[in-house]
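This report concerns only the one structure given below.
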Amino acid sequence: MPSNIRTRFAPSPTGYMHIGNLRTALYAYLIARSQNGSFILRIEDTDQERLVEGSVEVIYRTLQLVGLEHDEGPDIGGPFGPYIQSQRKDIYREWAEKLIAAGGAYHCFCSKEKLESMRKEAESKGEAFKYQDPCRELDPAEAAKRVKSGEPCVVRQRIPRGGATTFEDLVYGSVTVENDTLEDGILLKSDGLPTYNFANVVDDHLMQISHVIRGSEYLSSAPKYNLIYQALGWEIPAYIHLPLIMKAAGKKLSKREGDASFEDFYNKGYLKEAIINYIALLGWNPKDDREIFSLEELKTIFSVSGLSKSPAIFDPEKLNWMNGEYVRRMDSESFFRAAEPYLKQAIKRPDIDLRKVAALVQQRTVVLSDIPGRVDFLDQLPDYDQSLFINKKAKTDLANSLEYLKICLIELEKMETWDHEAIKNALFKVIEEKGIKANTFLTPLRIALSGREVTPGGATELAEILGKEETQQRIKNGIEKLS
RNA sequence: GUCCCCAUCGACUAGCGGUUAGGUCACCACUCUUUCAAGGUGGCGGCACGGGUUCGAAUCCCGUUGGGGACGCCA
């Protein structure tokens, strides 16, 4: 049985899913789900100029992918539709008229150009632009006549002169703003569509949203919305403003730099679970020391009391750590499926068992996209310098490397069955007999097999994957290099 | 410029009048180890500043400074 908690995610279709937006959606979803409430999706497309083709699909796809399923929305309907603002034009018009009648708004006939130039002038003087609109004092009957005659106009909110407006926020507490610092903002544009300032109030009320969850950039304009609720005699919803997510050095996450959208991260090979987990913890804490949470767990433990007030800096390092944590916890089959495309990017040879490669690379993978660069040497031995054989820690030099490679060649030649156990036994027998460190004996082999200083897996694992023939070939190649 | 909000290690944060200020990431060291990771152990590192209030302040109040946000016919 759903409770009467209703939250909404109301993105505007601008083409991609900003990571901060996704977090807002997550929190709205979690607040609803943690209290058995409903989660509604509403599309705020009242700015016709900013519309981007295909954006709405991006929104659906992303929400579905990460598992934030909504109970009502444009695609699935619901009792309070339509859920796309551009389809609600008449509703806003109707309420705007009522608001005007209630004295909370008025028609304004000032031209866009005039306002523009006045604003610019104020700006150049370094002053704050605050428009004293003469239309505010127009006789309502006179104004109505001009509207009827077809004169272009907008509807502006009538902010009361003097006094102050206070609103309560569940994370920021009580916020009071002097009315005189508020502007008579535009509610209905000349194209008849509402601005955010009006549409969000009307829709949140009509859709019976109990908790308005949004970024803190709306904090200072929230009093204006309360004034509208009051003028219309509507009940004011609970507000939950969220601290913003920022980039290091106080910069915003930007689309241009590829660090702002969910897609950016997803395409780079971050797991959706890790992204969700990470952003859940940016500005919220569960009051214990755990950090790894599935969406299911979050649904049960999420609480508004854990939200913080200060802006949080998005730390790619910690996301990396968390992604690695998720990668390591995957079962081998899921990891293989996730890694397969990346493995295939680097490995074309059909004789290489990609499952074995995946097993080797799983524990070392932070982001899926760094897989190809780690395994490409398996496909083709890179050209490498003989100096790689000189390793202080392994105590190898050109001379003993050559010696050990020759022994490896002889020992491996004798092998009948080519599997990891057998290879390991054969080589460790030599190590024991010679009484040297495994590292010393195996490093030259590993270098010869990979042409790399560091590799996923040791010499014996690489040998197994490469197969007997290729292994021998690469050892010979190494011997040649050292002779 | 005006208004609003915020302020604990480099980052995310716990703390809500009495704590050796805790955890995680990053960093460093050691350890494990057939390289590198991962794992294990330890370490580095913080209450922005100045005034109050109080027997006692990271915690409450004021100011300063710093940061963020808003001031669009954008959301």
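Every chain is numbered from 1 and lettered A, B, ... according to where its sequence line falls, protein lines coming before strand lines.
- Distance from the side chain of A:Lys309 is smallest to B:C6 among B:U13, B:C6, B:C3.
- Between A:Lys318 and A:Asp315 there is no salt bridge, since no side-chain N of the basic residue sits under 4.0 Å from a carboxylate O of the acidic one.
- Going from the P atom of B:U24 to that of B:G43 covers 12 Å, rounded to whole Å.
- For the residue pair A:Asp370 / A:Tyr342, no side-chain donor-acceptor distance below 3.5 Å is found, with atom types taken as modelled.
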Where do N or O atoms of nucleotides 63-65 of chain B meet protein N or O atoms at under 3.5 Å, pair by pair?
none

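- Residue contacts shown for A:Val175 are limited to sugar-phosphate atoms, with no base heavy atom under 4.0 Å away.
- Distance A:Glu217 CD to B:C3 C1': 17 Å, rounded to the nearest Å.
- Among residues two or more places apart in sequence or in another chain, the salt bridge (Lys or Arg N to Asp or Glu O under 4.0 Å) test is passed with A:Asp203 by A:Arg42, A:Arg88.
- If you check residues 179-194 of chain A against RNA chain B, the residues with a heavy atom closer than 4.0 Å are A:Thr181, A:Glu183, A:Ile186, A:Lys189, A:Ser190, listed by number.
- Salt bridge A:Asp376/A:Arg452: present, at least one basic N to carboxylate O contact under 4.0 Å.
- By the side chain to side chain contact (heavy atoms under 4.5 Å, CB included) test, A:Ser310 is found to be paired with no residue, residues two or more places apart in sequence or in another chain being considered.
- Partners of A:Tyr29 by ring-ring contact (aromatic ring centres under 6.0 Å, His included), not counting sequence neighbours, listed by chain and number: A:Phe39.
- Closest to the side chain of A:Tyr172, out of B:A75, B:C36, B:C6, is B:C6.
- Both A:Leu115 and A:Arg23 lie near RNA chain B, and the one whose nearest nucleotide falls closer to the 5' end is A:Arg23.
- Residue A:Phe441 is classed as having no contact, given no heavy-atom separation below 4.0 Å to the nucleic acid.
- A:Asn285 has its CG atom 13 Å from the P atom of B:C16, to the nearest Å.
- Here the nucleotide nearest the side chain of A:Val177, chosen from B:C3, B:A75, B:C6, is B:C3.
- Remark: A:Arg93 engages no residue in a salt bridge (Lys or Arg N to Asp or Glu O under 4.0 Å) (not counting sequence neighbours).
- Taking atom P on both nucleotides, B:U34 is separated from B:C25 by 26 Å, rounded to a whole Å.
- Nucleic acid contact for A:Thr365: none, since no nucleic acid atom lies under 4.0 Å from a heavy atom of the residue.
- Rounding to whole angstrom units, CD of residue A:Glu325 and P of B:C12 are separated by 20 Å.
- Rounded to a whole angstrom, the distance from the C1' atom of B:C27 to that of B:U64 is 33 Å.
- Remark: C1' of B:C71 and NZ of A:Lys224 are 8 Å apart, rounded to the nearest angstrom.
- The residue A:Thr176 sits close only to the backbone: its heavy atoms come under 4.0 Å of sugar-phosphate atoms, none of a base.
- Residues satisfying the ring-ring contact (aromatic ring centres under 6.0 Å, His included) criterion with A:Tyr196, sequence neighbours excluded, are A:Tyr218.
- For A:Arg364, counting side-chain heavy atoms from C-beta on, the closest listed nucleotide (B:G39, B:G69, B:U35) is B:U35.
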### Task
Could you run through nucleotides 26-31 of chain B and give me one letter per nucleotide, 5' to 3': B if any protein heavy atom sits under 4.0 Å from the base, S if only the sugar-phosphate is that close, - if neither?
S-----

Scan nucleotides 32-34 of chain B against the protein and return all N/O pairs shorter than 3.5 Å with their distances rounded to 0.1 Å.
residue: B:U34; atom: O2; partner: A:Ala459; partner atom: N; Å: 2.8
residue: B:U34; atom: N3; partner: A:Thr460; partner atom: OG1; Å: 3.0
residue: B:U34; atom: N3; partner: A:Glu461; partner atom: OE1; Å: 3.4
residue: B:U34; atom: O4; partner: A:Thr460; partner atom: OG1; Å: 2.8

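- Classification of A:Lys481 and A:Asp383 as a salt-bridged pair holds, one side-chain N sitting under 4.0 Å from a carboxylate O.
- Neither side chain, A:Thr14 nor A:Ser12, offers a donor N or O lying under 3.5 Å from an acceptor on the other.
- The residue A:Thr440 sits apart from the nucleic acid: no heavy atom pair falls under 4.0 Å.
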### Task
Could you walk me through whether A:Tyr278 and A:Asn323 pass side chain to side chain donor-acceptor pair (under 3.5 Å), step by step?
CA-CA 9 Å; A:Tyr278 177 66; A:Asn323 203 64; over 6 Å; no

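- Contact annotation for A:Cys110: base contact, defined as any heavy-atom pair under 4.0 Å involving a base atom.
- Only the P atoms considered, B:G45 is 16 Å distant from B:A11, to the nearest whole Å.
- Taking atom CD1 of residue A:Ile240 and atom P of nucleotide B:C5, one finds them 18 Å apart after rounding to whole Å.
- Residue A:Pro311 has its side chain nearest to B:G68 when only B:A75, B:A38, B:G68 are considered.
- For A:Glu53, there are no side chain to side chain contact (heavy atoms under 4.5 Å, CB included) partners at least two apart in sequence or on another chain.
- Taking the ring-ring contact (aromatic ring centres under 6.0 Å, His included) definition, one finds that A:Phe198 meets it with nothing, sequence neighbours left out.
- Taking atom P on both B:A58 and B:U53, the two are 16 Å apart, rounded to the nearest angstrom.
- A:Thr396 and A:Asn391 form no side-chain donor-acceptor contact under 3.5 Å, judged by distance and modelled atom types alone.
- Counting non-hydrogen atoms under 4.0 angstrom, A:Thr455 reaches a base of the nucleic acid.
- Atom CZ in A:Arg329 sits about 21 Å away from atom P in B:A37, given to the nearest Å.
- When rounded to the nearest whole Å, the span between CG of A:Asp289 and C1' of B:U13 equals 10 Å.
- Scored by the ring-ring contact (aromatic ring centres under 6.0 Å, His included) test, A:Tyr83 finds no partners at all (sequence neighbours excluded).
- In this structure, a donor-acceptor pair under 3.5 Å is absent between the side chains of A:Asn200 and A:Tyr225.
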